[in-house]
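Single-structure report; data block below.
Residue numbers begin at 1 in each chain, while the letters A, B, ... track the order of the sequences. None of these values were measured; they are calculated from a predicted model. Excluded from the calculations below are hydrogen atoms, water molecules and symmetry mates; all remaining heavy atoms, backbone and side chain alike, are included.
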Amino acid sequence: MTVYSVKQLMSEEVKVGSEVCVRGWVRSRRDSKAGLSFVTLSDGSCFEAVQLVIESKLANYESDILNLTKDCAIIAHGTLVASQGGGQKFEIQASKVEVTGFVESPDTYPVSPKRHTVEYLREHAHLRIRTNLISSVMRIRNTVSMAIHDYLQSNGFYWVHTPLITASDCEGAGELFKVTTLDLANPPRDDKGKVDFKQDFFGRESYLTVSGQLNVETYCMGLSKVYTFGPTFRAENSNTTRHLAEFWMVEPEIAFANLMDNAELAQGMLKHVFKTVLNKNSDDMGFFAQFIDQNVVTRLEQMVNDDFEMITYTDAIKRLENSGKQFENPLYWGVDMASEHERYLCEELIGKPTIVTNYPKDIKAFYMRQNEDGKTVAAMDILAPGVGEIIGGAQREERYDILHARMTEMEIEPEALAWYLDLRRFGSAPHAGFGLGLERAVSYITGVQNVRDIIPFPRTPKNAAF
RNA sequence: GCCUCAAUAGCUCAGACGGUUAGAGCGACGGACUGUUAAUCCGCAGGUCGUAGGUUCGAUUCCUACUUGAGGCGCCA
């Protein structure tokens, strides 16, 4: 008897009348006095569950079937038949049902068959995948990840596995986690009494990376089109719905490219991702439309069909100033826009994802390419309504003298990043790239507002349970 | 890191201007009914009112500290 996933059974690829085996977790049980029970079974392969029709004549009906509660694990054998009831096309007439694990004390089992708050589910992160909400999020997270790979791979990009451990503390994207094997209670000291990192594992201070960008730029200068896709770490004490200490980021980097090429790539990639989710996860998206935000589907459809708005920082400031809206935070050319500005711009004034370009150089990183005006750099942020910044990117400074001068100005030791500067000495080429926060993208797609519910086991300040 | 709010049944919440037996819905459990499907109907159980102090004759209620959680801001993806 062949084992099928629920997804296969529901896809009409299995003939009615086939003998089948399904395995999964009980979602609900309803007993009928007609001498049968209905058990809906979910295995996570898709949003749908399959209904088992279990007659009381089965040997273990009294002992096992009548004791099934939510999330008992079972292996069921039977015949796939057209459903006699409404609500589903197919069901399984069970011939044998084996229980591999009952749920102890169903009265206190955390994932009872009722609606739970996301905060409560977070405290039971090891069990929350058994809810519609989290399983739908995780299937979409998977679709998004694979759609990103698809898009980049089919456009000639190579996936580069940049290191998670780094020795440069000057990447400029936030606080770093230290990596050490020294005994913190009794570390070795040098002549001056300072901790002697020469004796540490790497012979110097080292950290978890805050971005693979600088490393991937080196591979870009040889493979032309590359990307990193992996976890990233920030030791910021950030307590918001859109920050994690450990999160996943995609960072494409293209050689012989400028800011416009970069924006085009970002837009093309996002559109492909949205389209793929709409195609592959319509059930999951339907669930979000029903329970989270009724606009999620139409919003994505619009994204796919409409181009993103592109606006320069200078024009964005003008539009915000001319809007007449009063803001809490000061607004003038040169200011780093506060999130109330960004939100008003893309949610109220524009109403769709917005690419803001050419920011003042003083509020951006050292590696961004300086524009001819001497005041701005070729940076871009993509703002999504409701989530804020989901992409940050730039054309990189490929001119050695200018990059070196900028580093000095910003008090970054050129020696510490000599290898990065070398790229500008040996066959330098214009290039550009961006970083896409995976959790923020999935948050935007699903309407699930807190990125802690987008990653299986969220790491945030004071929380690394599970 | 800053600001604000919250903590009462397995879950979501109500409540008492300090006073005898702290309530509801959902869930669980039991029963009725039924090719059912968020089933429906009836019933039952379930609480150290976050922790530690303080004020008081008396505190779950007021005060303080702590812990945990949430939201907003900053940092960014």
Inset, instruction - May I ask you to evaluate whether A:Ser211 reaches the phosphate of B:A77, defined as a side-chain N or O under 4.0 Å from OP1 or OP2? - result: no
Legend entry - Side-chain H-bond candidate by donor/acceptor type, A:Gln51 with A:Thr40, under 3.5 Å: no
Legend entry - Interatomic distance where NZ belongs to A:Lys114 and C1' belongs to B:C26 [whole Å]: 5 Å
Legend entry - Nearest listed nucleotide, side chain of A:Glu119, among B:G1, B:U36, B:A70: B:A70
Inset, instruction - Establish, yes or no, whether a centroid distance under 6.0 Å links the rings of A:Tyr344 and A:Phe327. - result: yes
Inset, instruction - Among A:Gln395, A:Glu397, A:Arg396, find the residue that satisfies the side-chain contact (heavy atoms from CB on, under 4.5 Å) test when tested with A:Tyr367. - result: A:Arg396
Legend entry - Pair partner, B:G71 [Watson-Crick or wobble, under 3.5 Å]: B:C3
Legend entry - Nearest-nucleotide pick for A:Asp336, side chain only, options being B:C29, B:C76, B:A32: B:C76
Legend entry - hbond_proxy A:His116 side chain to B:C11 base (donor-acceptor, 3.5 Å cutoff): no
Legend entry - Phosphate contact (B:U12 OP1 or OP2) by A:Thr117 side-chain N/O below 4.0 Å: yes
Inset, instruction - Answer yes or no: does a side-chain N or O of A:Arg122 lie under 4.0 Å from OP1 or OP2 of B:A70? - result: yes
Legend entry - Interatomic distance where NZ belongs to A:Lys70 and C1' belongs to B:G10 [whole Å]: 14 Å
Inset, instruction - Would you mind reading off the distance between A:His124 atom NE2 and B:G27 atom C1', rounded to a whole angstrom? - result: 14 Å
Legend entry - Interatomic distance at C1', B:U21 relative to B:G47, whole Å: 13 Å
Inset, instruction - Would you indicate which nucleotide in B:G35, B:A77, B:A28 comes nearest to any side-chain atom of A:Arg440? - result: B:A77
Inset, instruction - Look at the side chain of A:Glu91 against the base of B:G35 and say whether a donor-acceptor pair falls under 3.5 Å; ignore hydrogens and angles. - result: yes
Legend entry - Distance (rounded to the nearest 0.5 Å) between A:Cys21 SG and A:Glu98 CD: 9.0 Å
Legend entry - A:Thr108 side chain, from C-beta outward: closest of B:A28, B:G10, B:U34: B:G10
Inset, instruction - Please determine, for B:C62, whether a Watson-Crick or G-U wobble partner exists with both distances under 3.5 Å, and give it or none. - result: B:G54
Inset, instruction - Give a yes or no on whether a donor-acceptor pair under 3.5 Å exists between the nucleobase atoms of B:C75, that is its base, and the side chain of A:Ser238. - result: yes
Inset, instruction - Answer yes or no: does a side-chain N or O of A:Arg30 lie under 4.0 Å from OP1 or OP2 of B:C33? - result: no
Legend entry - Nucleotide of B:A39, B:A77, B:G74 approaching A:Ser28 most closely (side-chain heavy atoms): B:A39
Legend entry - 4.5 Å side-chain heavy-atom contact, A:Tyr109 and A:Leu127: yes
Inset, instruction - Please determine if A:Arg459 forms a cation-pi arrangement with A:Phe233, meaning its NZ or CZ atom is less than 6.0 Å from the six-membered ring centre and no more than 45° off the ring axis. - result: no
Legend entry - Phosphate OP1/OP2 of B:G71: any A:Asn450 side-chain N/O under 4.0 Å: yes
Legend entry - Mate of B:G47 where both pairing distances stay under 3.5 Å, Watson-Crick or G-U: none
Legend entry - Nearest to side-chain heavy atoms of A:Thr241, which nucleotide of B:G71, B:U36, B:G74: B:G71
Legend entry - Mate of B:A32 where both pairing distances stay under 3.5 Å, Watson-Crick or G-U: B:U40
Inset, instruction - Would you kindly check whether a donor in the side chain of A:Gln84 faces an acceptor in the base of B:U36, or vice versa, at under 3.5 angstrom? - result: no
Legend entry - Phosphate contact (B:A70 OP1 or OP2) by A:Arg452 side-chain N/O below 4.0 Å: yes
Inset, instruction - Tell me yes or no: between the side chains of A:Ser83 and A:Gln88, is some donor less than 3.5 Å from an acceptor? - result: yes
Legend entry - Between P of B:G69 and NZ of A:Lys462, the distance in whole Å: 10 Å
Legend entry - Nearest to side-chain heavy atoms of A:Tyr120, which nucleotide of B:U12, B:A77, B:C33: B:U12
Inset, instruction - Answer yes or no: does a side-chain N or O of A:Ser37 lie under 4.0 Å from OP1 or OP2 of B:U36? - result: no
Legend entry - Side chain A:Arg234 and base B:A77 donor-acceptor under 3.5 Å: yes
